[in-house]
2 protein chains.
Amino acid sequence: MNKVDVNGLTEREFLAEYKPGDYDRPSVTVDMMVLRMKEDLSCMQVLLIKRKAHPEIDKWALPGGFINIKESAYEAACRELKEETGLTDIYLEQLYTMSQPDRDPRMRIIDIAYIALLPYGYEQSAVAGDDAKDARWFDVKFADEKLEFANDLIKIEYSLRSEKFKNGVITVENFVPVSVSDEKLAFDHDQIILEGLMRIRNKAEYTGIMFNLVPREFTIPDLLKVFEVLSGKEVHPKVFREKIAGQLVSLDRSQRPIVGRKPAAVYRYVDLNMDERKLVKVHKKYKNGVILTRAQPFHNGHLNMIKQAASECENLLVVIGSANKSYTKRNPFPIEYRKRLVENVLQEEDLSGADVKVMTLSDWSMEDAAQYVKEWGSFFYYNIANEIGEKSFTFYYNDDPKIAENWFTDDILKNVTIRNLGRSDIEISSTMIRDLLYKKDYDKVRDLVPRWMWKDLKQLGKILMDATNDDYMM
Amino acid sequence: MNKVDVNGLTEREFLAEYKPGDYDRPSVTVDMMVLRMKEDLSCMQVLLIKRKAHPEIDKWALPGGFINIKESAYEAACRELKEETGLTDIYLEQLYTMSQPDRDPRMRIIDIAYIALLPYGYEQSAVAGDDAKDARWFDVKFADEKLEFANDLIKIEYSLRSEKFKNGVITVENFVPVSVSDEKLAFDHDQIILEGLMRIRNKAEYTGIMFNLVPREFTIPDLLKVFEVLSGKEVHPKVFREKIAGQLVSLDRSQRPIVGRKPAAVYRYVDLNMDERKLVKVHKKYKNGVILTRAQPFHNGHLNMIKQAASECENLLVVIGSANKSYTKRNPFPIEYRKRLVENVLQEEDLSGADVKVMTLSDWSMEDAAQYVKEWGSFFYYNIANEIGEKSFTFYYNDDPKIAENWFTDDILKNVTIRNLGRSDIEISSTMIRDLLYKKDYDKVRDLVPRWMWKDLKQLGKILMDATNDDYMM
DNA sequence: TGAATAGTGTCTCTAAGACAATATGCA
DNA sequence: TGCATATTGTCTTAGAGACACTATTCA
């Protein structure tokens, strides 16, 4: 494998001598077309930012930025997406690479465009980054040779001119957006969005791309609405039902759909690829896992611990403690509220196919007295064992394991494996979040809690304000 | 429109001061996956080059190169394609942009990959460029979790490992080629080809992409074979016929298909987008156009002139002169051969919807005697007028127009418009091509004649060798 | 003449589409 | 209760698929 080139150099020698040329090299950026459904499912919305700097100052543009020299375009897009929306684990697909030499007047910039799709149902505010004066969601209307971006303040309209060009033997019809309003989008971003909308319209027909625009649980009428908006055509409900039936699983619940009146059955998308993972569930490290949290309130620290535990346990029991406490400074949120919240959050998350249950548990009346810890441990153990119907489980505890060990008698410790994942940010963060909620700093909270909670933050803050009772000392 | 930024600069001022940063910028290349059908339509073939330089020296790779600072990626791909295959007017589609930071050990290189599709039926040799030791067509086998590139000399095999990764709510199955033979392709080109093959497989189902892999005229059985190879599945001939019937027009001829025995009807793809152009044919500049050429042999100079004329005439008559001369040094090719060749070439070309006919015309017995030019002109005129059934036409003549004017009497000149397109490379090139054919320098000839003739070059050379008779003086 | 393929006629079966009928919660 | 929508049942029609049969050429 030590081949030499025409100069007699091996690859190692060649690379040691190699210097990248001094000739002009283009800069490379990523831009993202971030799409979601409007709340009433009447159309899609695209996230645009208002440019703060030259060139194209004050124009609306797709969010994006330069690729760092050490990251791939995909990684750059993920990073930008997180900066812009706070979201990760989102559908992200490379769309097209724009390379006209004069597309940016500063210098040669090649732009790799991505499509990102967000599920509806979170209160997803638009955040203006460093490079933007403003960030807003625009309703997208794409029909009848027209393309329109609009919100309460601005309306940017294009008409679509059909251009035909020969590509090999076939003639390709290409639509070019022609600005017909005062404002237009920056650079060639109109062209990117048009291209992206057509890609999605195509993919709607023959892939499951629509499932990326709905939350984990949805009704068929809502899904149909999404499909109709994506594909740009009407579909008979019966036909639609039959077509997607095989990809859905009913949850034997119903809820009122966004578009309808009568409650409709709630479904979840069956990821056929995921199903195979369920079959290998038996190969997981532990059978039963248990996590204890007060969830005052629940946050990403808890979620990450649960996800990690779910990935190594077949069954996972999430115990919400202090069930008997509410409306106190340290335990402001009532237990029903906490339980529902955790259940809903977990429904939205990927839990590696684990069978996850949520239970509540009151405090041992003497929990704070150091001499009664063993009683607390036994109370905890027997409630858990009773709930899961087995003696043995793995207890996930992220504080000093010695503390938890001390809870249990030697007999119980034969059945309980204490597992520490090495994160101790959990209690700290709950306090932190309560502080931020006091200060009404909802934007910061958003970064610390699961998506599902975003729409409830103000309500959480209100409950917190009303909680005036003192806790037991501790 | 003179908005200022945070520094109080207008866009003009900003750009005047702007300097591209000194930070590391990636280099950008284009690579092309050039595909065609194998002669027997049993599989596709991909064009690969053997790398001459480090890194990945001696490995087989996709042809490509750096983007010049003044050209778009598409233009760069066209340029590379022309350098590599001599072809223009070929299906070319952006595939994917590869951006792993470590994909090239020299430096950060971002690669924009393209797909190019060539019709079968030309003898399309692979030419090694500056950066290659060799260039070859490889048979592509893509089935049953295997991907294989093979020709007489080399076989490069991959098995496809299925990798699943979550993209939003859906889990995407992604195949990764794993090398299972001694050789592997350079860089991530295996991944690019796999991606491209899957793109084409998808597009085969719901677009007319297959028409880019067949010549202008083809039989349905051959087209079916192409479709089956592209889509990777068998199709019932009846079903296939019915599905594509609307896109084809029969030419009321038959020819033996590549895969079959009984002659099959010859069809042409109806480009629905092109049809609209035919409707506006009446708006063309001239009604009848006439071009005179000896076609000894036909070449790109003639073709370009015909194309130009076709774009401005509703009807175009191509007159092949010296019909009575063959096997002489200056007129080596027999008239039947020349006529068939021109007809076949024109069938393959896009002639702007003009109605193009080819006729032959003997020389006026005294053409070389200057005093008989008017007789030659009248002979020429009446033959043409008789053929097209009208008195008036536009005569395309690329030598000094005075010469052609002198052919015709004043009466005839009332009906003949002489049009000079300003190219005079025509006679020169025919002589040049005959010289090159003598020298058996077929590669150079390929650049100068239409694609359709490429497979006949050796036969042309042979006829030329056999032509020993002297011409009339001139 | 027979092998091999081109091309058509006809039947079956499934899925798409249209429409009617019934179910159900909410105002 | 009645409106609006969810959901299912049934009929029609179009197309996919299967298969048999005829046509045509080459060996």
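Note that the structure is a prediction, hence the values are computed from the model and not measured. Order of the sequence lines fixes the chain letters, A, B, ..., with proteins taken first and strands second; residue numbering starts at 1 for each chain.
- With rounding to whole Å, B:Lys238 atom NZ is found 10 Å from C:dC11 atom C1'.
- Remark: P of C:dA16 and CZ of A:Phe227 are 11 Å apart, rounded to the nearest angstrom.
- Distance check: B:Ile200 CD1 to B:Ser231 OG gives 12.0 Å after rounding to the nearest 0.5 Å.
- In this structure, B:Glu234 places its CD atom 13 Å from P of D:dC19, rounding to the nearest Å.
- Closest to the B:Pro221 side chain, of the nucleotides C:dC19, C:dG7, C:dA27, is C:dG7.
- Minimum atom distance to the side chain of B:Pro263 is reached by D:dT25, of the listed D:dT25, D:dA6, C:dA6.
- Positionally, the nearest nucleotide of DNA chain C for B:Ala265 lies more toward the 5' end than for the other of B:Ala265 and A:Val239.
- Using a 4.0 Å cut-off between a side-chain N of Lys or Arg and a carboxylate O of Asp or Glu, A:Glu336 and A:Arg340 do not qualify as a salt bridge.
- Comparing A:Arg261 and A:Glu242 along DNA chain C, the residue whose closest nucleotide (by nearest heavy atom) sits nearer the 5' end is A:Glu242.
- Of the candidate nucleotides D:dG9, D:dA23, C:dA27, D:dA23 has the atom lying nearest to any side-chain atom of B:Lys262.
- A salt bridge is absent between A:Glu195 and A:Arg199: the closest approach of a Lys/Arg side-chain nitrogen to an acidic carboxylate oxygen does not fall below 4.0 angstrom.
- The distance from atom OH of A:Tyr267 to atom P of D:dT7 is 6 Å, rounded to the nearest whole Å.
- Across the protein-nucleic acid pair, A:Phe240 atom CZ and C:dA15 atom P stand 17 Å apart, rounded to whole Å.
- Side chain of B:Lys243, nearest nucleotide from D:dA16, D:dA6, C:dC26: D:dA16.
- Residue A:Arg241 places at least one side-chain N or O closer than 4.0 Å to OP1 or OP2 of D:dT8.
- Whole-Å rounding puts the A:Glu205 CD to C:dA15 P distance at 18 Å.
- By the 6.0 Å contact criterion, NZ on B:Lys455 is enclosed, its count of non-hydrogen atoms from other residues, nucleotides or ligands being greater than 12.
- Rounding to whole angstrom units, CD1 of residue B:Ile258 and P of C:dA4 are separated by 20 Å.
- If you check every strand for non-hydrogen atoms under 4.0 Å, B:Pro237 touches nothing.
- Between B:Tyr269 and B:Phe211, the ring planes are parallel. Angles under 30° get that label, and only those over 60° would be called perpendicular.
- In this structure, A:Ile244 atom CD1 and C:dA16 atom P are separated by 13 Å, rounded to whole Å.
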